[in-house]
Amino acid sequence: MADRSAPQPRRSNRGRTASGKPNPVDVHVGGRVRLRRTLLGLSQERLGEAIGLTFQQVQKYERGANRIGASRLWDLSRVLDVPMSYFFEDMDEDVSNLSPRNIAGAALDAEVPAVSDPLTKRETLELVRAYYRIADPQVRRRVFDLTKTLGAANPASEAGDEPPA
């Protein structure tokens, strides 16, 4: 009969938090994949085809539900035309502190910080895409200058505020 008091081998939690939620680092990397894909105007299906995956797998990567391995991250960097470091840029220190290495063996599950980066909002992505569809460089420059002027006119507003309805 086996000794039940013997230490059990540690099972992999596949990088998830103690509550089973995706690791915040994986969520951040997935968000960067989504941001770049959207800025390029690629659908999840087209990105998946380019790297040999289904759109459902791309969806899971973008949500952080599936972790992205190094070779797949390399493929993504090539298809999305960004350096590998791009996927880790703008990561909060709070998020980086929740890497699997840092939370291994942690008794309490740290809360995932709320993402409030305005660059990840759909509105921002649509605005940038529309801006780059302006063919005339002089008109585009005027829109740019107008936007900067309007943004500076109301310094009390937060960068992440929603536009009025």
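Between atom CZ of residue Phe88 and atom NE2 of residue His28 there is a gap of 8.0 Å, rounded to the nearest 0.5 Å. Residue Gln44 holds its CD atom at 9.0 Å from CD of Gln56, rounded to the nearest 0.5 Å. Rounded to the nearest 0.5 Å, atoms CZ (Arg32) and OG (Ser77) are 13.5 Å apart. Between Asn66 atom CG and Gln59 atom CD the span is 11.0 Å, to the nearest 0.5 Å.
Arg72 contributes a side-chain N or O that, together with a main-chain N or O of Ile51, makes up a donor-acceptor pair within less than 3.5 Å. Although no hydrogens or angles enter the test, the distance criterion places no donor-acceptor pair under 3.5 Å between the side chain of Arg34 and the main chain of Glu62. Distance alone, capped at 3.5 Å, places no donor-acceptor pair between the Glu126 side chain and the Glu123 backbone.
Using a 4.5 Å heavy-atom cutoff, the side chains of Leu53 and Tyr61 are in contact. In this structure the side chain of Ser85 reaches within 4.5 angstrom of the side chain of Glu89, judged on heavy atoms. At a threshold of 4.5 Å between non-hydrogen side-chain atoms, the residues Asp81 and Arg36 count as touching. Considering only heavy atoms from C-beta on, Val139 stays 4.5 Å or farther from Arg142 through its side chain. The shortest side-chain heavy-atom distance between Leu76 and Tyr86 does not fall under the 4.5 Å cut-off.
More than 12 heavy atoms of other residues, nucleotides or ligands lie within 6.0 Å of CZ in Arg78, so this atom counts as buried by the packing criterion. Counting heavy-atom neighbours within 6.0 Å of Gln138 CD, excluding the residue itself, gives a total of 12 or less. When the shell of 6.0 Å around CZ of Arg46 is examined, it contains 12 or fewer heavy atoms from other residues, nucleotides or ligands. Atom OH of Tyr131 is surrounded by more than 12 heavy atoms from other residues, nucleotides or ligands within 6.0 Å.
When all heavy atoms of Pro22 and Val27 are compared, the pair lying nearest together is CB-CG2, 3.9 Å. When every heavy atom of Leu40 is checked against every heavy atom of Leu80, the shortest pair comes out as CD1-O, 3.7 Å.
In the hydrophobic clustering of this structure, Phe144 does not group with Leu127; members are Ile, Leu, Val, Met, Phe, Trp, Tyr whose side-chain heavy atoms approach within less than 4.5 Å, directly or through other members. One hydrophobic cluster, built from ILVMFWY side chains closer than 4.5 Å, cannot hold both Leu35 and Phe55; they sit in different ones. Residues Leu39 and Val143 share a hydrophobic cluster, clusters being chains of Ile/Leu/Val/Met/Phe/Trp/Tyr side chains in contact below 4.5 Å. Taken together through direct or relayed side-chain contacts under 4.5 Å among Ile, Leu, Val, Met, Phe, Trp and Tyr, Val82 and Val128 form part of one hydrophobic cluster.
Applying the side chain to side chain contact (heavy atoms under 4.5 Å, CB included) test between Val33 and each of Val79, Leu47, Thr38 identifies Leu47 as the sole match.
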